[in-house]
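See below for the structure under consideration.
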Amino acid sequence: MITIFILVLTACGPNNKKSEKKSETLEQKAEVQKEIQKNNIIFFGNSLTAGYGVEAEEAFPGLIQKRLDSLDYDYNIINAGVSGETTASGLSRVEWVVKRQPVEIFVLELGGNDGLRGIKPEETNKNLRAIIDKVRAIHPEIKVLLAGMMVPPNMGQAYAEEFQKVFPKIAEDKEVNLIPFLLKDVGGEADLNQPDGIHPTPEGHKIVAKTIWKYLEPLI
């Protein structure tokens with residue numbers, strides 16, 4: 001009887017484990033499918049979007065996702081931020097990023113590094129327009145939200161003014177939505193930025209997220 005009992009346990013054990021694994025696999029597939037069915041919002045930018053110096057959930061894309069979830073909006077944030085990204089390097093990779101999945105809203109946050117490097121505003125202008133064109137060629141119905149940027153005054157007044165004009169002009173010509181200044185109430189505020197004076201602290205990201213939400217929610 002003891003031998004039979006052991007044989008029964010041996011026979012049942014692996015099958016139960018296989019059943020559990022199969023169940024877990026089905027649940028994982030269901031979760032993946034659920035994500036695919038969501039409406040995707042891509043945040044395409046540099047270290048600001050990537051959340052340099054803070055945790056992923058503290059950066060503004062993560063905060064926007066939390067707000068979407070709390071309001072029961074069926075949207076999924078895709079953080080496509082890369083530290084050091086310029087408009088030129090963004091142009092070279094944007095096609096690969098947006099081709100991978102359906103996209104309903106594309107938030108374009110690039111240009112800051114161009115300004116810090118003193119790249120000619122006409123180059124920034126050309127690249128941003130080309131990025132928008134590429135995105136629309138792949139997803140014709142996509143909604144684009146362009147984040148406006150400014151550069152520090154030490155770049156020279158003439159350069160700063162020319163750079164700032166790039167974003168509203170693109171928004172007008174390309175008929176895209178515009179955030180006038182992404183870092184409104186954060187840029188230049190020492191207590192809201194990390195020691196480098198460029199990247200927001202977690203508190204700074206909260207303010208940036210509120211600024212973005214003001215222009216993003218109407219698109220949702």
Side-chain angles (χ1 to χ4, degrees), residues 33-51 59-65 67-68 73-115 117 119-151 162-184 208-209 211-220:
Q33 188 62 31
K34 184 179 178 182
E35 289 301 311
I36 292 173
Q37 290 173 350
K38 280 188 176 182
N39 299 302
N40 292 313
I41 301 174
I42 288 183
F43 277 78
F44 189 78
N46 52 42
S47 55
L48 295 175
T49 293
F60 60 76
L63 296 173
I64 295 291
Q65 182 69 73
R67 178 167 287 200
L68 290 167
Y73 285 137
D74 193 26
Y75 278 81
N76 179 52
I77 296 293
I78 298 172
N79 189 330
V82 173
S83 293
E85 188 93 294
T86 62
T87 56
S89 57
L91 177 59
S92 68
R93 77 178 177 99
V94 68
E95 188 173 1
W96 177 82
V97 171
V98 297
K99 267 186 174 180
R100 300 177 67 190
Q101 65 280 301
V103 187
E104 278 62 45
I105 301 173
F106 184 81
V107 182
L108 177 54
E109 180 274 304
L110 281 178
N113 285 326
D114 291 39
R117 296 180 186 188
I119 294 173
K120 292 181 179 180
E122 50 262 40
E123 280 298 309
T124 301
N125 177 49
K126 181 182 71 174
N127 292 333
L128 288 173
R129 289 170 183 266
I131 288 172
I132 293 170
D133 289 342
K134 275 193 174 185
V135 170
R136 282 176 164 169
I138 297 167
H139 301 293
E141 301 301 319
I142 201 169
K143 299 172 185 176
V144 178
L145 180 58
L146 176 64
M149 290 299 296
M150 299 180 187
V151 293
E162 189 179 354
F163 181 85
Q164 187 177 344
K165 291 176 182 178
V166 166
F167 300 89
K169 182 59 176 171
I170 292 175
E172 180 183 356
D173 293 348
K174 291 294 183 181
E175 297 183 343
V176 301
N177 299 276
L178 175 70
I179 302 171
F181 181 39
L182 180 72
L183 299 177
K184 181 178 181 291
V208 175
T211 297
I212 294 171
W213 184 253
K214 177 182 176 181
Y215 298 93
L216 179 63
E217 188 179 25
L219 301 183
I220 297 171

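Numbers here simply count residues along the sequence, with the first being 1. Reckoned from all heavy atoms, side chains included, excluding hydrogens, waters and symmetry mates.
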Discussion item. Working to the nearest 0.5 angstrom, can you tell me the gap between Lys134 NZ and Arg93 CZ?
Written reply: 12.0 Å
Worksheet item: Can you tell me how far the CG atom of Asn177 sits from the OH atom of Tyr215, to the nearest 0.5 Å?
Response: 10.5 Å
Discussion item. Please check this pair: side chain of Asp114 against backbone of Thr87, looking for a donor-acceptor N/O pair closer than 3.5 Å.
Written reply: yes
Discussion item. Quick check on side-chain contact (heavy atoms from CB on, under 4.5 Å): which of Leu48, Leu146, Thr211 does Leu182 satisfy it with?
Written reply: Leu48
Discussion item. Please check: side-chain N/O of Gln65 versus main-chain N/O of Ile77, any donor-acceptor pairing under 3.5 Å?
Written reply: yes
Discussion item. Can you tell me if Lys184 has over 12 outside heavy atoms packed within less than 6.0 Å of its NZ?
Written reply: no
Discussion item. Tell me whether Asn79 contacts the main-chain N or O of Thr49 through its side chain, where contact means a donor paired with an acceptor under 3.5 Å.
Written reply: yes
Discussion item. Could you check whether any side-chain N or O of Glu104 sits under 3.5 Å from a backbone N or O of Asn40, counting only pairs where one atom can act as donor and the other as acceptor?
Written reply: yes
Response to the item:
d(Ile142 CD1, Ile41 CD1) to nearest 0.5 Å is 10.5 Å
Item to complete: Report the distance from atom CZ of Arg67 to atom OH of Tyr75, rounding to the nearest 0.5 Å.
Response: 16.0 Å
Discussion item. Looking at every heavy atom in both Ala50 and Val82, which two are closest together, and how far apart are they?
Written reply: CB-N, 4.2 Å
Response to the item:
Only one of Ile220, Ile105, Val176 passes side-chain contact (heavy atoms from CB on, under 4.5 Å) with Lys143, and that residue is Ile105
Worksheet item: Does Gln101 use its side chain to pair, donor to acceptor, with the backbone of Val97 at less than 3.5 Å?
Response: yes
Worksheet entry | Test side-chain contact (heavy atoms from CB on, under 4.5 Å) applied to Met149 and Leu110, step by step | CA-CA 8 Å; Met149 290 299 296; Leu110 281 178; over 6 Å; no
Discussion item. Test your reading of the model: is there a side-chain donor-acceptor pair from Gln164 to the backbone of Val151, 3.5 Å cut-off?
Written reply: no
Worksheet item: Closest approach of Tyr73 and Glu217, non-hydrogen atoms and distance?
Response: OH-OE2, 3.5 Å
Worksheet item: Within a reach of under 6.0 Å around CD of Glu175, are more than 12 heavy atoms found that belong to other residues, nucleotides or ligands?
Response: no
Item to complete: Please test Phe44 against Val135 for side-chain contact (heavy atoms from CB on, under 4.5 Å), starting from the C-alpha separation and ending with a verdict.
Response: CA-CA 11 Å; Phe44 189 78; Val135 170; over 6 Å; no
Fill in: Carboxylate-amine/guanidinium proximity below 4.0 Å for Glu162 and Lys165
no
Discussion item. On a heavy-atom basis, which atom in Leu216 and which in Phe43 lie closest, and how many Å separate them?
Written reply: CD2-CZ, 4.4 Å
Worksheet item: When you measure from the side chain of Asn125 to the backbone N and O of Ile170, does any donor-acceptor pair fall under 3.5 Å?
Response: no
Practice prompt. For Ile131 and Gly90, work out which heavy atoms get closest and say how close.
Written response: CD1-C, 4.1 Å
Worksheet, complete the sentence: CD1 of Ile179 to CG of Leu108, rounded to nearest 0.5 Å, is 10.0 Å
Worksheet entry | Rounded distance [0.5 Å steps], CD1 in Ile138 versus CG in Asp133 | 11.0 Å
Worksheet item: How about Thr86 and Ser89: does a side-chain donor come under 3.5 Å of a side-chain acceptor?
Response: yes
Worksheet item: Which atoms form the tightest heavy-atom contact between Pro218 and Trp213, and what is the distance?
Response: CD-O, 4.2 Å
